[in-house]
Amino acid sequence: MATRPAKEAIFEQFAADGISVMFGNPGTVEQGFLDVLEETPGFRYVLALQESAVLGIADGYARATGGPALVQLHSGVGLGNGVGLLYQARRGHSPLVVIAGEAGVRYEALDGQMAVDLVAMARPVTKYATRVTHPGSVLRVLRRAVKIAMTPPRGPVFVALPMDVLDEDTDEPAVASTIPSRATVPVPEELERAAAVLRAARRPVVLAGDGVSVSGAQEELAGVAEALGAPVWTVNSSELTIDTTHPLHRGDLGHMFGEHSAAALAGADAALVVGTYLFPEVFPLLTSPFSEGTKIVHIDLDDYEIAKNLPADVALVADPKPTLAALARLLGPARPDPAHKPAREPDEVYGETMMDLFAGELATRAGDRLVVFDEALTSAPALLRRLPPRRPGTYFQTRGGSLGVGIPGAIGIKLARPEAEVVAFTGDGGSMYTIQALWTAVRYGVAARFVICDNRRYQLLDDNLEQYWRERGIAAHPHPQGFDLSHPQIDFVKLAASLGVPGIKVSKPAQVEAAVQRMLAAPGPFLVDLITT
């Protein structure tokens, strides 16, 4: 292989792995390879104005394509700005390949400007973090990073690329990274053990998370649930695990309070847990929410998550899709709903909130190309009532607890799937974390739509504080002023316009129909400030 500077060779490696776009925000110590990027045919740089927006866009792109998505951050300051969204990607298993430059190995002992241990910063929020110190290993390390990012359980990885190392020549060949297959099924004896536990149950329940969607196991999950006649609860699920109109679907267990999970699981004598852990709440119970004697069968490719907090009777490190298919064959035909198991509750009659009206109008007009990114938080129940997720790849939700993912996430999805009608729902508070991502949508002609659910508060904090009061017997009183966003009032339409995005404010029910029509007809990005108070 002919020698060439490592800063050129890295783009040969990216091309070998099918990577043709870099999401980033530039810096001086990355200027060498960013200069090469400009001369690289077929390679695209997507600029965002702050690192959280960069990572949010890349995360949406990776989720829509299956990854990997390449991210460039600027040394320690850029990595520091992006840590919150890297945590989001880590908890959500997004396969991001994050690179950052630094001044150079030769300067390491001088403790100069911006000097920091990048690997130590990145390690807590990534699956793998390393630093290249020799030009002869740059491509080898990048291949290792891609492999680790893409091997289930997937996740973000980080590689520090010192400027002087990239300036040196390398003769490494650029070849495609090897991604090991983990499409594994347990041996027959283990599958039969799982089936025996589930067959013996009178009141089984299924708990499913994002590992199901990563595996593409939605149909198989439904088949097992039908064979068991078991209700399905999603657990920390940010993508579709089962058609939410399926008669066995019961909803999400939530992510805040363990008492909610315990109430939903009362009476279950067996649980099939697939693609998640127990239990990912902010305030989980310190004791098991299951009744005494409840048997647990746990299936996941992430062996760390299996029996992490609660012991499992049958623990299978396996791919959910083929494993559930094999389990369904062992369980046999669908089991009728037992008389003692309550049927799905009829749909509750709800008032026509602004979100109900808007989402209902969108459901009528958007058609089957609609893809929703849901960061609506307290407005999400109305959104899901009117737009229940039914097909894989059409619904994405915030995950990991990070605010500000809705706007950039929708941009990333739209970049990956330009034929889709992508609409993000976010809050007024959440949107302000990454509002500058609108500029990126305009710059690259990304015709995503953005709906700000504007209640002029951090409403979720109000709701959680009220729960805190109830638990501790504290009398209700005014919420903290720090939860209030009404003064000064944010003019989202003018703010969007300053970034190049047209918009409209919707404060009355009579305005909803025209606003949805105008949003969907817009040739480029468009914002709706939906007043939900």
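Hydrogens, waters and symmetry mates play no part in the numbers below; they use all other heavy atoms, side chains included. Along the sequence shown, residues are numbered consecutively beginning with 1. Being a predicted model, the structure only gives us computed values, none of them experimental.
To the nearest 0.5 Å, the span separating NE2 on His74 from CD on Glu30 amounts to 5.5 Å. Annotation: the span from Glu51 atom CD to Thr434 atom OG1 amounts to 13.0 Å, rounded to 0.5 Å. Atom CG in Leu485 sits 5.0 Å away from atom OH in Tyr458 (nearest 0.5 Å). The structure places CG of Asp210 at 12.0 Å from CG of Asp302, a figure rounded to the nearest 0.5 Å.
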Quiz prompt | Intermediate values then yes/no, ring pair (Phe, Tyr, Trp, His ring centres under 6.0 Å), Tyr128 and Phe158 | solution = CA-CA 6 Å; Tyr128 170 74; Phe158 174 82; 9.8 Å; no
Exercise. Could you go through the salt bridge (charged side-chain N to carboxylate O under 4.0 Å, His left out) check for Arg390 and Asp243 one step at a time?
Key: CA-CA 4 Å; Arg390 302 202 61 190; Asp243 181 345; 2.9 Å; yes
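Proximity of the aromatic rings of Phe526 and Phe450 is defined here by a centroid distance below 6.0 angstrom, and this criterion is not met.
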Name the atoms and distances for all side-chain donor-acceptor pairs under 3.5 Å in residues 406-427, with sequence neighbours left out.
from	atom 1	to	atom 2	distance (Å)
Lys414	NZ	Pro418	O	2.9
Lys414	NZ	Ala420	O	2.5
Arg417	NH1	Gly393	O	2.5
Arg417	NH2	Gly393	O	3.4
Glu421	OE2	Arg449	NE	2.5
Thr426	OG1	Glu375	OE1	2.7

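Counting heavy atoms from C-beta on, the side chains of Arg4 and Thr170 come closer than 4.5 Å. Put simply, the side chain of Phe358 does not reach to within 4.5 Å of the side chain of Thr532, judged on heavy atoms. Residues Val317 and Arg182 have side chains in contact (heavy-atom distance under 4.5 Å, counting atoms from C-beta outward).
By the neighbour-count criterion of 12 heavy atoms within 6.0 Å, atom CD of Gln517 is densely surrounded, having more than that number from other residues, nucleotides or ligands.
Remark: Lys308 is positioned above the aromatic ring of Tyr277, its terminal NZ or CZ atom under 6.0 angstrom from the ring centre and at most 45 degrees off the axis.
Ring pair Phe373/Phe396 is parallel by interplanar angle, where below 30° counts as parallel and above 60° as perpendicular.
A salt bridge links Lys7 with Asp167: the closest approach of a Lys/Arg side-chain nitrogen to an acidic carboxylate oxygen falls below 4.0 angstrom.
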